[in-house]
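The next block holds one structure in the form of structure tokens; read it before the comments.
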Number of protein chains: 2
Amino acid sequence: MAIIPLGYALLGLLARAPQSGYELILRMEEPIAFFWHARRSQIYPELERLETEGLVSHTVVERHNRPSKKIYSITQAGLAELRAWAGKPMDVPPDRDEFMLKVYSLWTVEPSEATAVIRAYEQAHANRLDRYEHIKAEMLHNGDPIALGLHSPRFAAYATLQRGIEYESGYVAWCRWLLEALEADGGIQT
Amino acid sequence: MAIIPLGYALLGLLARAPQSGYELILRMEEPIAFFWHARRSQIYPELERLETEGLVSHTVVERHNRPSKKIYSITQAGLAELRAWAGKPMDVPPDRDEFMLKVYSLWTVEPSEATAVIRAYEQAHANRLDRYEHIKAEMLHNGDPIALGLHSPRFAAYATLQRGIEYESGYVAWCRWLLEALEADGGIQT
DNA sequence: GGACGCATGTAATAGGTTACATGATTAC
DNA sequence: GTAATCATGTAACCTATTACATGCGTCC
């Protein structure tokens with residue numbers, strides 16, 4: 001059966017370093033590549049499935065005074081599968097943004113409430129932007145990732161972070177544009 | 001039970017004008033508010049559900065030499081529900097973008113293939129941007145929507161379109177940035 | 001005669017979330 | 001003693017997609 005995006009997310013992580021399911025879960029709490037995430041209830045079964053397909057394998061590591069863990073690694077077949085998928089162009093999927101749905105019906109709401117809704121969302125995106133900027137600063141602190149080039153996993157991570165930053169700052173800018181347009185309208189009651 | 005985003009999408013459309021399930025389906029093929037869509041297999045049952053909750057109602061319109069249709073309207077209760085939801089701030093949901101997942105693993109792929117993948121995606125977003133710009137031009141042709149202000153459904157639609165435009169042009173810009181970074185790296189084989 | 005548009009649905013499946021469930025060690 | 005971290009999973013449910021299913025009228 002076809003591998004789902006989550007499967008490729010896991011393969012993408014394991015291609016960088018072998019690690020346990022638990023470590024993968026921690027990495028995916030904060031979205032991997034800044035645009036994907038999953039819960040453990042999805043990750044453990046998916047790892048099993050990848051294993052039955054021969055794309056990953058695991059060894060059990062026993063430790064004294066610690067729960068034992070399964071360290072997963074990507075196999076040759078897994079790497080080939082990942083490479084084939086990554087190299088294949090894809091269609092733009094339909095975008096879903098519940099907030100846009102809200103804005104679409106915001107005309108039914110009192111202006112003061114409406115602006116509060118927008119301001120709160122702007123703030124949430126500004127917070128994310130902040131987090132991403134910090135991560136970027138850390139990354140740059142360890143040397144210029146751009147210099148590493150296309151064949152470097154670190155550059156790939158940097159590229160997705162950069163998209164995250166532009167996405168969040170674009171969202172913030174749009175929220176501000178909207179608030180200004182409403183202000184000019186005189187519809188704002190502070 | 002709680003109403004799902006699709007339900008609010010339908011209420012948001014019906015708040016503008018009563019219409020049939022079929023018309024709603026046509027509207028949602030091209031994403032409503034530029035960031036939501038659904039298939040008919042989801043829309044018909046959801047309309048039924050909204051009706052059992054008393055949020056919409058329908059009348060059957062028989063026409064000679066044509067299939068009859070059910071015209072749905074939003075009820076007072078439906079409008080109240082929509083307003084309550086629209087006026088309530090929401091958390092930023094986890095974003096999902098499969099392309100970012102691909103980029104995250106693009107270092108495993110041959111440079112020439114990788115750049116082809118990025119170029120194709122850039123083109124797809126550029127096409128969308130183009131479509132959105134045309135819609136915007138049309139909208140502006142019918143008078144400045146900003147002047148209509150917050151209480152106007154037309155302004156609300158314009159605002160979401162504006163976000164769509166900024167989203168797509170941001171994506172295109174990022175693709176170009178990435179391609180340039182790779183070019184500077186010398187990794188490109190045209 | 002065949003394709004397309006209008007108009008409405010159902011069934012099967014896949015993907016993802018929430019809640020449930022367990023058990024050991026370490027830090028306060 | 002109690003909360004947090006490590007570590008692994010299962011079950012129930014909801015959402016959305018794909019494929020299946022029907023029938024009339026109009027245009028070419």
Side-chain angles (χ1 to χ4, degrees), chain A residues 1-10 18-32 35-53 56 58-72 90-98 101, chain B residues 1-10 18-32 35-53 56 58-72 90-98 101:
Chain A
M1 224 190 302
I3 289 145
I4 62 180
L6 169 61
Y8 291 113
L10 296 173
Q19 52 200 300
S20 68
Y22 189 71
E23 285 171 291
L24 290 165
I25 286 161
L26 293 183
R27 291 243 157 77
M28 296 200 73
E29 267 172 9
E30 278 299 293
I32 173 70
F35 286 97
W36 207 271
H37 92 124
R39 307 298 175 96
R40 65 178 177 296
S41 62
Q42 211 185 354
I43 291 172
Y44 285 121
E46 184 61 20
L47 279 171
E48 250 181 61
R49 242 205 53 197
L50 292 174
E51 190 155 37
T52 63
E53 310 249 341
V56 304
H58 82 267
T59 50
V60 177
V61 178
E62 311 275 359
R63 283 140 345 131
H64 63 277
N65 294 346
R66 280 294 180 121
S68 61
K69 42 170 159 179
K70 296 181 183 173
I71 301 290
Y72 284 90
M90 61 175 268
D91 291 336
V92 180
D95 298 301
R96 287 208 148 91
D97 184 338
E98 192 177 336
L101 233 41
Chain B
M1 226 189 298
I3 290 144
I4 62 180
L6 169 61
Y8 290 113
L10 295 172
Q19 51 199 300
S20 67
Y22 189 72
E23 285 171 291
L24 290 165
I25 286 161
L26 293 182
R27 291 242 157 76
M28 297 201 73
E29 267 172 10
E30 277 299 294
I32 174 68
F35 286 97
W36 207 270
H37 92 125
R39 307 295 175 94
R40 65 179 177 296
S41 61
Q42 210 186 354
I43 290 171
Y44 286 121
E46 184 62 20
L47 279 171
E48 251 181 61
R49 242 204 52 196
L50 292 174
E51 190 156 36
T52 64
E53 310 247 343
V56 305
H58 82 267
T59 51
V60 177
V61 178
E62 311 274 0
R63 284 142 342 135
H64 62 277
N65 293 348
R66 281 295 182 118
S68 62
K69 43 170 159 178
K70 297 181 182 174
I71 302 291
Y72 285 90
M90 61 175 268
D91 291 336
V92 180
D95 298 300
R96 287 209 148 92
D97 184 337
E98 193 178 335
L101 232 41

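Everything numeric in this text was worked out from a predicted model, so none of it was measured. Reminder, nothing fancy here: chain letters follow the sequence lines and each chain counts from 1.
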(message) How many whole angstroms separate atom CD of B:Glu29 from atom P of D:dT18?
(response) 13 Å
(request) Take the protein atom CE of B:Met28 and the nucleotide atom C1' of D:dT17, then report the distance between them rounded to whole Å. (result) 14 Å
(request) Could you tell me the separation between the CD1 atom of B:Ile43 and the CG atom of B:Leu50, rounded to the nearest 0.5 Å? (result) 11.0 Å
(request) Could you tell me whether the side chain of B:Glu51 reaches within less than 4.5 Å of the side chain of B:Tyr72, counting heavy atoms only? (result) yes
(message) Taking the minimum atom-to-atom distance to the side chain of A:Arg96, which one of C:dG16, D:dT18, D:dA16 wins?
(response) D:dA16
(request) Could you tell me the separation between the CZ atom of A:Arg39 and the CD atom of A:Glu29, rounded to the nearest 0.5 Å? (result) 8.5 Å
(message) Could you tell me how far apart B:Asp91 (CG) and C:dT18 (P) are, to the nearest whole angstrom?
(response) 11 Å
Atom pairs, N/O to N/O, protein against nucleotides 7-12 of chain D, distance under 3.5 Å?
from, atom 1, to, atom 2, distance (Å)
D:dA7, OP1, A:Arg63, NH1, 2.8
D:dA7, OP1, A:Arg63, NH2, 2.2
D:dT8, OP1, A:Lys70, N, 3.0
D:dT8, OP2, A:Tyr22, N, 2.8
D:dT8, OP2, A:Tyr44, OH, 3.4
D:dT8, O4, A:Arg40, NE, 3.0
D:dG9, OP1, A:Lys70, NZ, 2.8
D:dG9, OP2, A:Lys70, NZ, 3.3
D:dG9, O6, A:Arg40, NE, 3.4

(message) Can you confirm whether B:Tyr22 sits close enough to B:Lys70 that some side-chain heavy atom of one is under 4.5 Å from a side-chain heavy atom of the other?
(response) no
(request) To the nearest 0.5 angstrom, please state how far the CD atom of A:Gln19 sits from the NZ atom of A:Lys69. (result) 9.5 Å
(request) In whole angstrom, give the distance that lies between atom CD1 of B:Ile4 and atom C1' of D:dC13. (result) 13 Å
(request) Quickly work out the B:Leu24 CG to C:dA7 C1' distance and round it to whole Å. (result) 13 Å
(request) Rounded to the nearest angstrom, tell me the gap between atom CZ in B:Arg27 and atom P in C:dC6. (result) 13 Å
(message) Taking only side-chain N and O atoms of B:His37, does any of them lie within less than 4.0 angstrom of OP1 or OP2 on D:dA16?
(response) no
(request) Rounded off to whole Å, could you give me the CD1-to-P distance for the B:Ile43 and C:dT8 pair? (result) 11 Å
(request) Whole angstrom is fine here: how far is it from CG in A:Leu26 over to P in D:dA4? (result) 16 Å
(request) To the nearest 0.5 Å, tell me how far A:Ser20 OG sits from A:Leu26 CG. (result) 7.5 Å
